[in-house]
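Just so it is clear: chains get the letters A, B, ... in the order the sequence lines come, proteins before strands, and each one is counted from 1.
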There are 2 protein chains.
Amino acid sequence: MSGAAAGRTDTVEPGARRTRQRTAVLQALVGFRDFISAQALCALLTEAGVSVGLSTVYRTLRDLERAGRLDVVRDETGERLYRERPEDGHRHYLICRCCGRSRAVDTEVVEAWADRIGEHTGFTDVEHTLELTGVCAGCAPSAQQGETSCRQESPRRPSDPRRSPR
Amino acid sequence: MSGAAAGRTDTVEPGARRTRQRTAVLQALVGFRDFISAQALCALLTEAGVSVGLSTVYRTLRDLERAGRLDVVRDETGERLYRERPEDGHRHYLICRCCGRSRAVDTEVVEAWADRIGEHTGFTDVEHTLELTGVCAGCAPSAQQGETSCRQESPRRPSDPRRSPR
DNA sequence: GATGGACATGAAAATCATGTTCAGATAGTT
DNA sequence: AACTATCTGAACATGATTTTCATGTCCATC
Ligand SMILES: [Zn+2]
Ligand SMILES: [Zn+2]
Ligand SMILES: [Zn+2]
Ligand SMILES: [Zn+2]
């Protein structure tokens, strides 16, 4: 029980080196509670004075994803958005199409169903992807007047990180 | 009951012109019972002697998608794969990570669950994306010896269309 | 405290799916 | 046949992600 309680902002992978850049990416992800794109994250770091090369951000995110420490969703353009995975693991999120705010949803029902799918189909090693989008209570009013005011241009990609956090 | 029972390989959208290219894309989709990428579809048409420009394929697929006549999924690279939507509408598929074969799954449970999500969250206009992948019975044996023989290189993108049809 | 090699970085270039332009072809109508 | 709103496709543009590769850094060993 010494350095056992590691986990939070330690290293990307066991055996990986602890560098300024990886630490920065990891910390930024932990601090940033919404989904964020690789590029936005890079910009965020730069603004914070902890500049990290875009390639390194992508590499680190790739490694983190492999290590199962991230949740990844895709926005409607196919761009990947990352978020630190809460300690327990597998989750699904409901994301507002307007402001990008997200909240985890309870998916026991779906998980149970998905687990049973293999049996009926002869498929093994079944994995699933589930994404929910909607318009959050805060955005609903502005979206009323014809769906155009909110959803219109910016397709909820937090390319400007200062809009989604908090 | 003249041209009423339209629908199958008619026009992309009501009011759209019926051109050689759109007809070809439409027919190819109807004949091709698996998911296929825009590029693979284009290649397929070319091989079949019915060459259609890639731009046109993309445009036609975009229009068909808007018209609700296609199902679209994304492979792990983010590439979009299209399939003619069976007459009834909303469906989800279980896709083999090895051979790309897909089969629709019964999702009543999930649909009902998804419909109820809005109420608990304050979100409106909730939509969902659900994708299932696994290893089909036919591929399971070859995938045994260490997961490498099947899944390895070609990550199940039917870029060579002759492998998935039928 | 020098050395060597394994691993890491980042700028720049490569990839690659998809979108856009626009001059010329075409469908559908009169 | 003539007319014109559409449609087409080659070439180019875009933008996210990946690769390359020259250079930097860590660390164990001498
Ligand atoms: Zn919102
Ligand atoms: Zn799940
Ligand atoms: Zn298979
Ligand atoms: Zn559904």
Side-chain angles (χ1 to χ4, degrees), chain A residues 10-26 28 35-46 49-67 70 72-82 153-161, chain B residues 3 10-26 28 35-46 50-67 70 72-82 153-161:
Chain A
D10 273 28
T11 52
V12 170
E13 271 180 317
R17 287 185 185 164
R18 169 204 306 274
T19 65
R20 174 181 69 77
Q21 291 88 341
R22 291 185 183 174
T23 303
V25 169
L26 215 30
F35 284 94
I36 186 172
S37 72
Q39 315 221 30
L41 187 59
C42 183
L44 198 59
L45 288 165
T46 298
V50 194
S51 186
V52 176
L54 188 53
S55 322
T56 301
V57 172
Y58 273 114
R59 270 190 294 248
T60 305
L61 289 172
R62 195 226 301 125
D63 293 343
L64 284 170
E65 184 185 357
R66 282 189 186 148
L70 294 183
V72 185
V73 299
R74 309 186 95 101
D75 65 14
E76 45 287 341
T77 75
E79 188 179 19
R80 292 157 90 123
L81 304 177
Y82 305 83
E153 266 317 290
S154 84
R156 94 131 251 294
R157 115 211 282 176
S159 32
D160 182 347
Chain B
D10 273 27
T11 53
V12 170
E13 271 180 318
R17 287 185 184 168
R18 169 202 307 272
T19 66
R20 173 181 70 76
Q21 292 86 342
R22 289 185 183 173
T23 302
V25 169
L26 215 31
F35 285 94
I36 185 171
S37 72
Q39 314 222 30
L41 187 58
C42 184
L44 197 61
L45 288 166
T46 298
V50 193
S51 186
V52 177
L54 188 52
S55 319
T56 300
V57 172
Y58 274 114
R59 268 189 298 245
T60 306
L61 288 172
R62 195 224 303 122
D63 294 341
L64 284 170
E65 184 185 355
R66 281 190 187 147
L70 293 183
V72 185
V73 300
R74 283 183 190 278
D75 67 13
E76 46 287 341
T77 75
E79 189 180 17
R80 293 158 88 120
L81 305 177
Y82 305 83
E153 266 317 289
S154 84
R156 95 131 248 294
R157 116 212 280 179
S159 30
D160 182 347

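- Between B/Glu76 atom CD and D/dT17 atom C1' there is a gap of 15 Å when expressed in whole angstrom units.
- Note on A/Arg59: every side-chain N or O is 4.0 Å or more away from OP1 and OP2 of C/dG10.
- B/Arg80 contributes no side-chain N or O that forms a donor-acceptor pair with the base of C/dA17 under 3.5 Å.
- With values rounded to the nearest 0.5 angstrom, A/Leu64 atom CG is found 5.5 Å from A/Leu26 atom CG.
- Of the candidates C/dA17, C/dA8, C/dT21, the closest approach to any side-chain atom of A/Thr19 belongs to C/dA8.
- Residue B/Arg62 holds its CZ atom at 12.5 Å from CG of B/Leu70, rounded to the nearest 0.5 Å.
- For C/dA17, the base has no donor-acceptor partner in the side chain of B/Ser37 [N/O atoms by modelled type, under 3.5 angstrom].
- For B/Arg17 against D/dC7, no side-chain N or O and base N or O form a donor-acceptor pair under 3.5 Å.
- The distance from atom CG of A/Leu61 to atom P of C/dT9 is 12 Å, rounded to the nearest whole Å.
- Rounded to a whole Å, the CG atom of A/Leu41 is 14 Å from the P atom of D/dA16.
- One interatomic measurement links the two molecules: CZ of B/Phe35 to P of C/dA17, which rounds to 19 Å at whole-angstrom precision.
- Applying the 4.0 Å criterion to OP1 and OP2 of D/dA16, one finds that A/Gln39 has a side-chain N or O inside that range.
- In this structure, CZ in B/Arg59 is found 10.0 Å from CG in B/Leu54, a value given to the nearest 0.5 Å.
- Look at CZ on A/Arg18: it is 16 Å from C1' on C/dC7, rounded to the nearest Å.
- Within the structure, a side-chain polar atom (N or O) of B/Gln21 is placed less than 4.0 Å from OP1 or OP2 of D/dG9.
- With DNA chain D read from its 5' end, the first of the two nearest nucleotides for A/Ala38 and B/Thr60 is the one closest to B/Thr60.
- Ion pair A/Arg80/A/Glu65 flagged as a salt bridge, since at least one NZ, NE, NH1 or NH2 atom sits closer than 4.0 Å to an Asp/Glu carboxylate oxygen.
- Distances shown here put a side-chain N or O of B/Arg20 below 4.0 Å from the OP1 or OP2 atom of D/dG9.
- With hydrogens and angles ignored, no donor-acceptor pair under 3.5 angstrom links the side chain of A/Thr56 to the base of C/dA8.
- One atom, CD of B/Glu79, and another, C1' of C/dG19, lie 15 Å apart when rounded to the nearest Å.
- Relative to the side chain of A/Leu54, the nucleotides D/dT17, C/dT18, D/dA11 differ in distance, and D/dT17 lies closest.
- Residues A/Tyr58 and B/Ser51 both approach DNA chain D. Their nearest nucleotides, taken by heavy-atom distance, put B/Ser51 toward the 5′ side.
- The shortest side-chain heavy-atom distance between A/Leu61 and A/Leu41 falls under the 4.5 Å cut-off.
- Note on A/Arg62: every side-chain N or O is 4.0 Å or more away from OP1 and OP2 of D/dT18.
- Of all the heavy atoms in A/Cys42 and A/Val57, the pair that sits closest is CB-CG2, 4.0 Å.
- As rounded to whole Å, 9 Å separates atom P of C/dG19 from atom CD of B/Glu65.
- When distances run from any side-chain atom of A/Ala16 to the nucleotides D/dA11, C/dA8, D/dA16, the shortest one goes to C/dA8.
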